[in-house]
Amino acid sequence: MAQQKGKKIPERADKSGFFTARSTPNRAQGQHEADQDGGGDDTLPLQNSPDHGNLPVTQEILRACLDEMSDKLLNKIQASVTALGKDIQELGERTAHVENHMGEYEEAHNDLADHVQALEKQLTSAQLKLSDLEDRSRRQNLRAQGITESVMQADIPKFLTGFFKCLIPDIPTEMILLDRAHLVAKPKFLPAEAARDTLTHLHYYHVKEAILKGARNRTNIPAKYSQLQIYADLSAATLQRRREFKETTETLREHKIPYRWGHPVRLIIQRNGTFTHVTTPEEGLKALKQWDLPVRKQRGRTASPQRLRQDWKKAKK
């Protein structure tokens, strides 16, 4: 209620009791008050402040304690942040060092990859030239497959001459001159009952070519020669190189596209009146893709080391 105008409020005569500590209650009263407020005491003395003794906690004392604790906590936080910043800086320097070395390693790897690819090309070229030289030394040889062991070694030249005469009847017999003819070792993967191949060296190269052509178009062959097959005598490296074109040649045969082999090993494909020379299996598959000819299955090949993309960059300080 509002005070009446002009009426004075009586002042407290003695203020000392307002600022002095409360008297210590007796045990029963203290126990009752502890049960009411949870056992706390508003006037606990400051334990860690010897300067204040057993004085009650006031606002100034509490502020001083909080300021002291805040300063200590701030100093600890600043020390921790300083140490953490130092660790981060060291980690950044180490990361930059690693990234710089990774960039150097990538450059060194790319240089090695370039050298390896260049050496592979040189090695392939040297192997092709070497196999071509070996094939040229065999260019007048023929391999006959299917001659049984019943034919004696001494009778092989006569037996082959009769077979060749059936293939090339237009060439005089005296031109079919065999310098030598003998059996060769059987590969280990062939069964024991398989007949060995016979290697023949003809004196005239054009006669050898005529025999190969006649073997592809032979007709009216006597029964005793029906099982014989004639092949050109090629080096193992050339045969292995030709096998690498297997996917291309199988696709060409399926679509009845004619082709022939060249020297050194290359594939000469005739399509729509145009000749395409393929020197590597990759070029053959690329040509089939351009002609929209599907390849059923591609064999996995050992890839050369490839250049790396430089993803590492120097860390900014």
Surrounding [atom1] of [X] (heavy atoms of other residues, nucleotides or ligands, distance under 6.0 Å), is the total greater than 12?
| X | atom1 | value |
| --- | --- | --- |
| Gln229 | CD | yes |
| Gln153 | CD | yes |
| Arg253 | CZ | yes |

Just so I know, are the side chains of [X] and [Y] near enough to count as touching, which here means a heavy-atom distance under 4.5 Å?
| X | Y | value |
| --- | --- | --- |
| Val151 | Ile156 | yes |
| Thr248 | Leu285 | yes |
| Pro222 | Cys166 | yes |
| Ile268 | Thr276 | no |
| Leu239 | Arg243 | yes |
| Ile257 | Leu293 | yes |
| Arg143 | Leu199 | yes |
| Phe159 | Leu228 | yes |

(request) Determine the sole option in Leu202, Leu160, Thr200 for which the side chain to side chain contact (heavy atoms under 4.5 Å, CB included) test with Ile211 is passed. (result)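 Of the listed residues Leu202, Leu160, Thr200, the side chain to side chain contact (heavy atoms under 4.5 Å, CB included) partner of Ile211 is Leu202.
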Look at the side chain of [X] and the backbone N and O of [Y], then say whether any donor-acceptor pair between them is shorter than 3.5 Å.
| X | Y | answer |
| --- | --- | --- |
| Asp135 | Ser235 | yes |
| Thr82 | Gln78 | yes |
| Lys208 | Asn141 | no |
| Ser125 | Gln122 | no |
| Lys165 | Ile171 | yes |
| Asp132 | Leu128 | no |
| Thr238 | Leu234 | no |

(message) One pair to check against side-chain contact (heavy atoms from CB on, under 4.5 Å): Leu112 and His109. What are the steps and the verdict?
(response) CA-CA 5 Å; Leu112 289 176; His109 172 84; 5.6 Å; no
To the nearest 0.5 Å, what is the distance between [atom1] on [X] and [atom2] on [Y]?
| X | Y | atom1 | atom2 | answer |
| --- | --- | --- | --- | --- |
| Trp291 | Asn272 | CH2 | CG | 9.0 Å |
| Phe245 | Arg266 | CZ | CZ | 9.5 Å |
| Thr249 | Leu252 | OG1 | CG | 7.0 Å |
| Arg139 | His201 | CZ | NE2 | 11.0 Å |
| Arg242 | Trp261 | CZ | CH2 | 6.0 Å |
| Phe163 | Lys224 | CZ | NZ | 11.5 Å |

Would you say the side chains of [X] and [Y] form a donor-acceptor pair under 3.5 Å?
| X | Y | result |
| --- | --- | --- |
| Thr279 | Glu283 | yes |
| His203 | Asp179 | yes |
| Tyr259 | Arg271 | no |

(request) Give the ring-plane orientation class for His97 versus His101, where under 30° counts as parallel, over 60° as perpendicular and anything between as tilted. (result)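 The rings of His97 and His101 stand perpendicular, inter-plane angle above 60°.
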(request) Decide side-chain contact (heavy atoms from CB on, under 4.5 Å) for Phe164 and Thr173; before the verdict, give the C-alpha distance in whole Å, the side-chain angles of both, and the deciding distance to 0.1 Å. (result) CA-CA 9 Å; Phe164 294 156; Thr173 305; over 6 Å; no
Atom of [X], atom of [Y] and distance for their closest heavy-atom approach:
| X | Y | result |
| --- | --- | --- |
| Ala210 | Ile168 | O-CG2, 3.4 Å |
| Val278 | Thr280 | CG1-O, 3.2 Å |
| Arg218 | Leu167 | CB-CD2, 3.6 Å |
| Lys186 | Ala194 | NZ-O, 3.1 Å |

Could you check whether [X] pairs with [Y] (Lys NZ or Arg NE/NH1/NH2 to Asp/Glu carboxylate O, under 4.0 Å)?
| X | Y | answer |
| --- | --- | --- |
| Glu134 | Arg138 | yes |
| Glu60 | Arg63 | no |
| Glu209 | Lys213 | no |

(message) For residues Leu212 and Met175: do they belong to one hydrophobic cluster (side chain heavy atoms under 4.5 Å, members Ile, Leu, Val, Met, Phe, Trp, Tyr)?
(response)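 Both belong to a single hydrophobic cluster.
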(message) I'd like to know if Tyr231 and Val207 are part of one continuous hydrophobic network [Ile/Leu/Val/Met/Phe/Trp/Tyr, side-chain heavy atoms within less than 4.5 Å].
(response)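 No.
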